[in-house]
Amino acid sequence: MKKYLITSALLYVNGLPHLGHLIGCLLPADVYARYLRSKGEETLFIGGTDEHGTPSEVGAAKEHMDVEEYCKKYHDLHAQMYRGFDLSFDYVGRTSSEQNKEIVYRIFNELDKNGYITERTTKQVYSPDDNRYLPDSYVMGTCPYCGYDRAKGDQCENCTKVLDPTDLIKPRSVLSGSENLEIRETKHLFLQLPKMEKELSEWIETRKGIWPDIAYSIAKKWLKEGLQERGITRDLKWGFAVPKEGFENKVFYVWFDAPIGYIGITKQWADEKPATRSFEDWWLNPENVIHTEFMGKDNIPFHTITFPATLRGTGEKWTQVSMLKGMNYLNFAGGKFSKSAHRGIFMDDAIKEFPADYWRYWLIANAPESDDANFSFDQFAATVNKDLNDVLGNFINRVLKMTVNNFGQQVPVLGNITNAEKELYDSLDALTEQYTAYMDKLEFRKAMSTLREIWVSGNNYLARTEPWKVVKTDMDYAGTILNTALNLIRLYANLSAPVMPQTARRMLDLFEVNEQIEFPVGKMVSYLTGLKPGTPFKLSDPLFQKILPERIAQLKETYHEED
RNA sequence: CGCGGGGUAGAGCAGUCCGGUAGCUUGCCAGGCUCAUAACCUGGAGGUCGUGAGGUUCAAAUCCCACCCCCGCAACCA
């Protein structure tokens, strides 16, 4: 039996994650992981924070903290928010861990041995006043082409020309504003991607039609333009020291050690219980592991080109990515979410406003799969009110109350079934098969639309059988209808659990059965006759609450949503 | 002519690969039902499918060409 390895892109530790990060990788990965587990598949779900690099050093300085302390602080905050949203990671690790260092060194040494690492001297901007080398984008100045005075050293945002820091007129440091800059020569190590171009190209070709278009086409684009050697070291302090003579005072570039972090974090997980776990089972076991990666579209080149090249270059049999889900961006009120400007909705605020499942359902049902999507409170409220309250919540409520009023607080006896039940079974067979197919293909929007259809089919069944009338003439059949409807609640719990784990648990716990979540497969009739007659159930408050117009207006104001 | 994605009812989307009477959700209107969270079920109105009195075809949202608009990316901000 193959087993499933699921990784969500490691978010940069600087600052707090917002809804865009949540839907970009964390949440879809979690839904998929929960789906697979509930089907009984052996699943390992890995996540964590990406910590090395200039932004961490700068961020730490701003908060007058030691870099390590700073990263720990934000790592812990991230992890706390992941728990708040019920993200079921098996381990939330760190790219700065000892385990990752070990793997990074192992991979680097293999690459070096195999001739994929070369040295080259480059010119780099050094700022004595900041006491550091500056990445190109940390140098600002006047664009020589358009005269824009806030052009960055890698590109002018005004005229879009690609620049070198040395092109800028009156260059200055973004950090200190100092114009006292030097160009220093510095030696760096480069990964020879061109050597692997052909091999990568052939492999990517096999992913056509399997990966989403956006992932395949971005990878193809890079290959078409021709791969270039890529620097994997930096002149920084915060990072893994490069284990090579002459480079001891340099560290690996974040994009070299970040994806390797998936492996390092798996080792962190394994090291907690070395008797029963090993990272080799997952990462050096390509024949038996299906690896699925989730990421935002900006991450696609690194996951389709650089990271696979890094693993291949070692000559070892690392587990490579099988399926890759690249998401577009979620925008807020027509603009972008922004960490630096703190614009949009951040995960810590979101969880204070509404239960995790409200967000989880809306985000997955509106996932930016084919294009960038927008978040607005009007749409959010409309979906929560209609799908969750009216269609699902109200169904559960009406069934429970009707049963209590006619049969007491227990599941009535299932008597003879009629065409109405047979047709319900048939339609649910078809719908759940479709739902499963969409989940397998990671087509989340379509999966949610099908799940909703499944919920609607319950209301439809009641409209057709009219149990409120039947109770007056035929209590046996009325019991059969309500037995079926109660079983639907249990079925819905199991089907909805990957997206709405808390709600699903509450639904299942209405019945005193003490069951685990289990994803329904095969013929639905067995799931619709599973509750034993006489099983007691609870009445509970409605599962969801509507978001009223005043609340919407208030939220728009609090979060500065523009119309 | 940098590259990629997108432009389909008021809103949000599917359909485009493999041409064949334009579909879903919401909103709106009407009817049904009255068990339920003013909920549920059914029906209806609403679109010259970005533009081109373009091309191919018996037939184009779908294929080809040109142009326009929006979003993102350009390898040192993850």
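As the structure is a computational prediction, the values presented were derived from the model and not from experiment. Sequence lines set the chain letters: A, B, ... in the order given, protein chains first and strands last, and positions in each chain run from 1.
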Enquirer: Under the side chain to side chain contact (heavy atoms under 4.5 Å, CB included) test, which residues partner A/I183, sequence neighbours left out?
Expert: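 Only A/K123, A/V125, A/T166 meet the side chain to side chain contact (heavy atoms under 4.5 Å, CB included) criterion with A/I183.
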
Enquirer: Residues two or more places apart in sequence or in another chain: which of them pass ring-ring contact (aromatic ring centres under 6.0 Å, His included) with A/F377?
Expert: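 A/F375, A/Y559.
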
Enquirer: Tell me, please, which residues at least two apart from A/H303 pass ring-ring contact (aromatic ring centres under 6.0 Å, His included).
Expert: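 Testing A/H303 for ring-ring contact (aromatic ring centres under 6.0 Å, His included), a comparison that skips the adjacent residues, returns A/Y262.
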
Enquirer: Counting only Watson-Crick pairs (N1-N3 plus N6-O4 or O6-N4) and G-U wobbles (N1-O2, O6-N3), all under 3.5 Å, who is the partner of B/C18?
Expert: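 By the stated definition (distances under 3.5 Å), nothing pairs with B/C18.
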
Enquirer: By the 4.0 Å heavy-atom rule, please label A/D50 as base, sugar-phosphate, or nothing.
Expert: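 Sugar-phosphate: the residue A/D50, judged by heavy atoms under 4.0 Å, touches backbone atoms but no base.
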
Enquirer: Suppose you measure atom C1' in B/G12 against the same atom in B/G7; what distance do you get, rounded to whole Å?
Expert: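 Approximately 14 Å lies between the C1' atom of B/G12 and that of B/G7.
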
Enquirer: In residues 395-402 of chain A, what donor-acceptor pairs under 3.5 Å come from side-chain atoms, sequence neighbours left out?
Expert:
{"unit_1": "A/R398", "atom_1": "NH1", "unit_2": "A/N459", "atom_2": "OD1", "d": "2.8"}

Enquirer: Start at the 5' end of RNA chain B and walk down; is the nucleotide closest to A/P135 or to A/A373 reached first?
Expert: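 Of the two residues, A/A373 wins.
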
Enquirer: Both A/A382 and A/E369 contact RNA chain B. Taking the nearest nucleotide for each, which residue is further toward the 5' end?
Expert: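 Looking at the nearest nucleotide for each, A/E369 comes out on the 5' side.
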
Enquirer: With P as the reference atom in both, quote the distance from B/C64 to B/G4 in angstrom, rounded to an integer.
Expert: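 Result for the P pair: 14 Å, nearest Å.
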
Enquirer: By nearest atom, which of the nucleotides B/U26, B/G15, B/G12 is closest to the A/K446 side chain?
Expert: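 Comparing B/U26, B/G15, B/G12 against the side chain of A/K446, the answer is B/G15.
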
Enquirer: For the residue pair A/F354 and A/F380, categorise the inter-ring angle as parallel (less than 30°), tilted (30 to 60°) or perpendicular (more than 60°).
Expert: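 Tilted.
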
Enquirer: Generate the contact string for nucleotides 34-41 of chain B. Rules: B means base contact, S means sugar-phosphate contact only, - means no protein heavy atom under 4.0 Å.
Expert: SBBB-SSS

Enquirer: Between B/C71 and B/G27, how far is it from one P atom to the other, in whole Å?
Expert: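 Between the two P atoms, the distance is 29 Å.
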
Enquirer: Can you tell me the pairing partner of B/G44 across any strand shown, Watson-Crick or G-U wobble, with both distances under 3.5 angstrom?
Expert: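 Because both required distances fall under 3.5 Å, B/G44 counts as paired with B/C28.
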
Enquirer: Between A/R230 and B/C76, does any side-chain N or O lie under 4.0 Å from OP1 or OP2?
Expert: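 Indeed, a polar side-chain atom of A/R230 lies that close.
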
Enquirer: What interatomic distance, in whole Å, is found between C1' of B/G10 and the corresponding atom of B/G46?
Expert: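 The same atom, C1', in both gives a distance of 9 Å.
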
Enquirer: Scan nucleotides 4-7 of chain B against the protein and return all N/O pairs shorter than 3.5 Å with their distances rounded to 0.1 Å.
Expert:
{"unit_1": "B/G5", "atom_1": "O2'", "unit_2": "A/S370", "atom_2": "O", "d": "3.1"}
{"unit_1": "B/G6", "atom_1": "O2'", "unit_2": "A/D371", "atom_2": "OD2", "d": "2.9"}

Enquirer: Between P on B/C76 and CZ on A/R132, what's the gap in Å once rounded to a whole number?
Expert: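 The answer, rounded to whole Å, is 17 Å.
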
Enquirer: As an exercise, state the distance from OH of A/Y477 to OG1 of A/T465, rounded to the nearest 0.5 Å.
Expert: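 So the gap between those two atoms works out to 5.5 Å.
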
Enquirer: Is there a donor-acceptor pair under 3.5 Å between the side chain of A/K325 and the backbone N or O of A/L442?
Expert: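 The answer is yes, because a donor-acceptor pair under 3.5 Å joins these two groups.
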
Enquirer: When you compare B/C28 with B/C18, how far apart are their P atoms, in angstrom units rounded to a whole number?
Expert: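 Roughly 41 Å separates the two P atoms.
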
Enquirer: Below 4.5 Å, heavy atoms only, C-beta onward: do A/C25 and A/L11 meet side chain to side chain?
Expert: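 Touching, per the 4.5 Å side-chain cut-off.
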
Enquirer: Across the strands shown, which category fits A/R234 at heavy-atom distances under 4.0 angstrom: base, sugar-phosphate, nothing?
Expert: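 Answer is base: heavy atoms of A/R234 come under 4.0 Å of a base.
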
Enquirer: What do the steps show when you test A/I489 against A/Y492 for side-chain contact (heavy atoms from CB on, under 4.5 Å), and what is the final call?
Expert: CA-CA 5 Å; A/I489 296 174; A/Y492 292 173; 5.6 Å; no

Enquirer: Calculate the interatomic distance between A/M140 atom CE and B/C77 atom P; express it in whole Å.
Expert: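 For the pair A/M140 CE and B/C77 P, the rounded distance is 13 Å.
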
Enquirer: Can you tell me how far C1' in B/U42 sits from the matching atom in B/C3, rounded to whole Å?
Expert: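 Rounded to whole Å, the distance is 50 Å.
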
Enquirer: What is the distance from CZ of A/F252 to C1' of B/C76, rounded to the nearest Å?
Expert: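 Result: 17 Å.
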
Enquirer: Look at the rings of A/H52 and A/W238 and say which category their plane angle falls in: under 30° parallel, 30 to 60° tilted, over 60° perpendicular.
Expert: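 Judged by the thresholds at 30° and 60°, the geometry between A/H52 and A/W238 is perpendicular.
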
Enquirer: Starting at atom CG of A/D387, determine the distance to atom C1' of B/G27, rounded to an integer number of angstrom.
Expert: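 Whole-Å distance recorded here is 14 Å.
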
